[in-house]
2 protein chains.
Amino acid sequence: MIPFPAINRLCALYRLLCDLQESGVERISSADLGKKLGVGAHNIRKDIAFLGVSSSSASGYDIKGLKQLISEKFEFNTEKKACIVGLGRLGTAIMERKDLCGGEFHIIAGFDSNINRLETISSSISLYPAYSITEVVRRLRIELAIIAVPACVAQDVADKLIDGGIKGILNFAPVIVKLDNKEIFIKNMDISGELRVLSAQIKNSIR
Amino acid sequence: MIPFPAINRLCALYRLLCDLQESGVERISSADLGKKLGVGAHNIRKDIAFLGVSSSSASGYDIKGLKQLISEKFEFNTEKKACIVGLGRLGTAIMERKDLCGGEFHIIAGFDSNINRLETISSSISLYPAYSITEVVRRLRIELAIIAVPACVAQDVADKLIDGGIKGILNFAPVIVKLDNKEIFIKNMDISGELRVLSAQIKNSIR
DNA sequence: TATTGCCTGTGAAATAATTCACAAAAATAT
DNA sequence: ATATTTTTGTGAATTATTTCACAGGCAATA
Ligand SMILES: NC(=O)c1ccc[n+]([C@@H]2O[C@H](COP(=O)([O-])OP(=O)(O)OC[C@H]3O[C@@H](n4cnc5c(N)ncnc54)[C@H](O)[C@@H]3O)[C@@H](O)[C@H]2O)c1
Ligand SMILES: NC(=O)c1ccc[n+]([C@@H]2O[C@H](COP(=O)([O-])OP(=O)(O)OC[C@H]3O[C@@H](n4cnc5c(N)ncnc54)[C@H](O)[C@@H]3O)[C@@H](O)[C@H]2O)c1
């Protein structure tokens with residue numbers, strides 16, 4: 001069981017490796033990876049050790065190989081189905097991102113409670129009314145969801161998603177969504193909340 | 001110096017207290033706060049202890065007083081000036097949020113490199129071309145910035161913001177922005193990156 | 001005004017995460 | 001072929017964070 005901070009860094013590392021590979025780099029040392037990620041080299045090596053291999057070399061890591069290692073550990077090679085609930089300003093902006101509609105993730109459904117709104121959105125993604133969330137998520141075996149509804153209905157939406165068997169949730173509404181099932185993961189992305197954390201850090205750092 | 005995890009929880013607590021106050025609650029125990037935030041009661045009490053007071057009671061915390069305490073510690077009562085760089089889909093969606101345009105935060109400037117685009121956006125917020133970021137941030141003493149530009153220019157934008165004297169950055173571009181100054185804080189909000197972390201956690205939790 | 005029960009504050013203990021230090025392996029230089 | 005340099009892998013030490021345990025205060029009750 002890999003500790004959460006290490007999972008986080010390994011995911012960042014994975015993205016970095018993809019970028020490096022695209023720009024033609026083939027090998028890189030833990031020291032250089034650390035510099036690019038703003039993390040100590042020891043930390044990088046420890047994280048990689050969690051993947052459970054050992055193939056020492058004096059010329060750093062083979063980028064292709066390391067990428068594959070992470071990818072296998074976390075199953076990044078199999079496409080994950082996702083959906084968006086709440087097709088307002090934020091929801092539609094996210095829905096239209098190319099990087100979320102092919103490759104690693106695939107947004108295959110959008111939900112909104114406002115039926116008129118559904119009709120005005122033109123999209124290649126299938127759209128459904130909010131009352132069918134549980135049924136559609138279960139039928140299409142959707143694993144991940146992005147919540148972009150007003151705060152007051154976020155918990156209700158999350159409950160429906162969980163009933164449908166969702167595994168992970170990215171929540172943009174500024175509320176703490178309660179989950180009792182420890183096998184379901186949530187990440188809150190509260191923008192004004194994060195601005196508040198930043199300003200608290202700024203104040204805390206003075207003196 | 002309050003540890004970062006505690007700052008994070010205190011900010012979440014602050015929001016919760018605001019909500020509770022609005023719904024008319026006056027006092028609440030650490031146990032109930034913990035339940036609502038998904039955190040142990042001990043943890044809540046320890047976090048509050050970092051604020052540096054002690055006023056024991058057998059009927060929980062006074063919500064108004066506790067809010068004020070946090071607010072004073074982190075200076076939440078003084079309005080913070082913020083700006084958005086990159087007025088594409090995401091940037092404009094964020095710009096239009098009511099909760100970011102008054103009260104605690106105030107978005108007072110928007111920037112984009114595409115001059116034509118600036119002209120088509122109708123907004124009550126002042127808009128400027130991207131080359132003036134440094135000058136405007138310095139002149140208006142803007143403390144916080146939200147970056148919503150393509151990944152390839154995010155570092156460049158961050159550098160300009162830092163030159164202007166920015167203190168905190170919320171970065172939506174999927175890259176690690178490098179800061180050498182430890183007095184500047186950054187929070188990355190990479191949506192597809194977070195989806196990846198969620199799917200890694202899901203995989204990691206199995207077996 | 002005693003008594004009882006509830007709840008906080010906090011030092012101590014336990015747990016988690018990071019950093020260190022160095023042996024061993026691979027590449028490179030001599 | 002041998003020495004030197006580079007870089008990994010990992011147990012141990014350190015540091016950070018969370019959890020625990022309980023003394024002591026406050027409020028409610030009689
Ligand atoms: N839209 C989303 O929900 C979403 C999801 C995931 C990630 N992101 C990330 O957020 C960022 C913005 O996404 P978007 O969908 O709004 O993209 P977009 O293309 O709609 O908008 C980008 C805007 O940035 C402006 N810009 C380009 N270079 C600039 C510069 N140097 N200075 C100032 N402005 C500049 C462009 O003119 C454009 O208006 C991207 O990095 C994207 O990967 C967005
Ligand atoms: N737009 C931003 O950049 C931004 C910034 C900070 C926070 N947020 C948060 O993100 C959420 C969405 O923001 P937005 O700007 O897109 O709001 P919005 O009002 O534009 O969109 C909300 C959408 O959710 C739909 N909806 C309402 N109840 C629903 C339900 N029960 N089931 C399904 N859909 C439902 C509405 O019909 C609407 O289309 C809000 O919670 C907001 O606080 C957004």
Side-chain angles (χ1 to χ4, degrees), chain A residues 1-13 16-17 20 25-70 73 182 185 197 200-201 204-205, chain B residues 1-13 16-17 20 25-70 73 182 185 197 200-201 204-205:
Chain A
M1 187 91 158
I2 305 178
F4 180 68
I7 291 183
N8 241 313
R9 286 187 302 263
L10 284 167
C11 289
L13 176 58
L16 175 61
L17 292 172
L20 286 168
V25 187
E26 291 196 343
R27 305 192 71 85
I28 188 167
S29 70
S30 59
D32 288 349
L33 286 172
K35 254 177 237 153
K36 285 186 190 288
L37 291 175
V39 164
H42 312 291
N43 218 329
I44 298 275
R45 296 206 294 276
K46 227 313 89 108
D47 290 346
I48 291 171
F50 283 122
L51 301 172
V53 279
S54 54
S55 62
S56 187
S57 156
S59 58
Y61 296 96
D62 170 56
I63 290 181
K64 188 153 165 278
L66 185 51
K67 239 188 81 179
Q68 179 130 346
L69 206 60
I70 299 173
K73 186 74 179 182
K182 284 188 178 165
F185 298 92
V197 173
Q201 279 184 278
N204 189 235
S205 75
Chain B
M1 188 91 160
I2 304 178
F4 180 69
I7 291 182
N8 242 310
R9 285 187 301 262
L10 284 166
C11 288
L13 175 59
L16 174 61
L17 293 172
L20 285 168
V25 188
E26 291 197 343
R27 305 191 73 85
I28 188 168
S29 70
S30 59
D32 288 348
L33 286 172
K35 253 177 237 154
K36 284 185 190 291
L37 290 174
V39 164
H42 312 102
N43 217 330
I44 298 275
R45 295 205 296 273
K46 184 117 272 175
D47 290 346
I48 292 171
F50 283 121
L51 301 172
V53 279
S54 53
S55 61
S56 189
S57 155
S59 56
Y61 296 95
D62 170 57
I63 291 182
K64 187 152 166 281
L66 185 51
K67 241 189 80 178
Q68 179 130 346
L69 206 62
I70 300 174
K73 186 74 178 184
K182 284 189 179 168
F185 299 91
V197 173
Q201 279 184 278
N204 187 237
S205 74

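Naming: A, B, ... by sequence-line order, numbering from 1 per chain.
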Chain A footprint on DNA chain D, 5' to 3' - any atom under 4.0 Å from a heavy atom: D:dT6 to D:dA12

Output the rounded distance in Å from [atom1] ([X]) to [atom2] ([N]).
X       : N      : atom1 : atom2 : result
A:Asp47 : C:dA16 : CG    : C1'   : 14 Å
A:Met1  : C:dA17 : CE    : C1'   : 15 Å
A:Asn8  : C:dA16 : CG    : C1'   : 15 Å
B:Phe4  : C:dA16 : CZ    : P     : 21 Å

Distance in Å, [X] [atom1] paired with [Y] [atom2], rounded so as to fall on 0.5 Å steps:
X       : Y        : atom1 : atom2 : result
B:Leu33 : B:Asn43  : CG    : CG    : 12.0 Å
A:Ile44 : A:Leu37  : CD1   : CG    : 5.0 Å
A:Tyr61 : A:Ser30  : OH    : OG    : 5.5 Å
A:Ile7  : B:Asn204 : CD1   : CG    : 3.5 Å
B:Ile2  : A:Ser205 : CD1   : OG    : 11.5 Å

Minimum heavy-atom separation for A:Gly60 and A:Ser57, please, with both atom names. O-OG, 3.6 Å

State, to 0.1 Å, how close B:Ala41 and B:Ala31 come at their nearest heavy-atom pair, and which atoms those are. CB-CA, 3.8 Å

Every protein N/O within reach of nucleotides 8-12 of chain C N/O, cut-off under 3.5 Å:
{"residue": "C:dT8", "atom": "OP1", "partner": "B:Ser30", "partner atom": "N", "Å": "2.6"}
{"residue": "C:dT8", "atom": "OP2", "partner": "B:Ser30", "partner atom": "OG", "Å": "2.6"}
{"residue": "C:dG9", "atom": "OP1", "partner": "B:Ser55", "partner atom": "N", "Å": "3.2"}
{"residue": "C:dG9", "atom": "OP2", "partner": "B:Tyr61", "partner atom": "OH", "Å": "2.7"}
{"residue": "C:dG9", "atom": "N7", "partner": "B:Arg45", "partner atom": "NE", "Å": "2.9"}
{"residue": "C:dG9", "atom": "O6", "partner": "B:Arg45", "partner atom": "NH2", "Å": "2.9"}
{"residue": "C:dG11", "atom": "O6", "partner": "B:Lys46", "partner atom": "NZ", "Å": "3.3"}
{"residue": "C:dA12", "atom": "N6", "partner": "B:Lys46", "partner atom": "NZ", "Å": "3.4"}

When all nucleic acid strands are considered with a 4.0 Å heavy-atom cut-off, which category describes B:Arg27: base, sugar-phosphate, or nothing? nothing

Test B:Lys67 against every option in B:Leu16, B:Leu13, B:Leu17 by the side-chain contact (heavy atoms from CB on, under 4.5 Å) rule and name the one that passes. B:Leu17

Looking at residues at least two apart in the chain, or sitting in another chain, which of them share a side chain to side chain donor-acceptor pair (under 3.5 Å) with B:Lys73? none

Please list, chain by chain and in numerical order, all residues satisfying side chain to side chain donor-acceptor pair (under 3.5 Å) with A:Glu26, sequence neighbours excluded. none

Salt bridge (Lys or Arg N to Asp or Glu O under 4.0 Å) contacts touching residues 27-48 of chain A (sequence neighbours left out): A:Arg9-A:Asp47, A:Asp32-A:Lys35

Axis-to-axis angle for the helix from C:dT1-D:dA30 to C:dT30-D:dA1, ends of five pairs each, to 10°, equals 10°

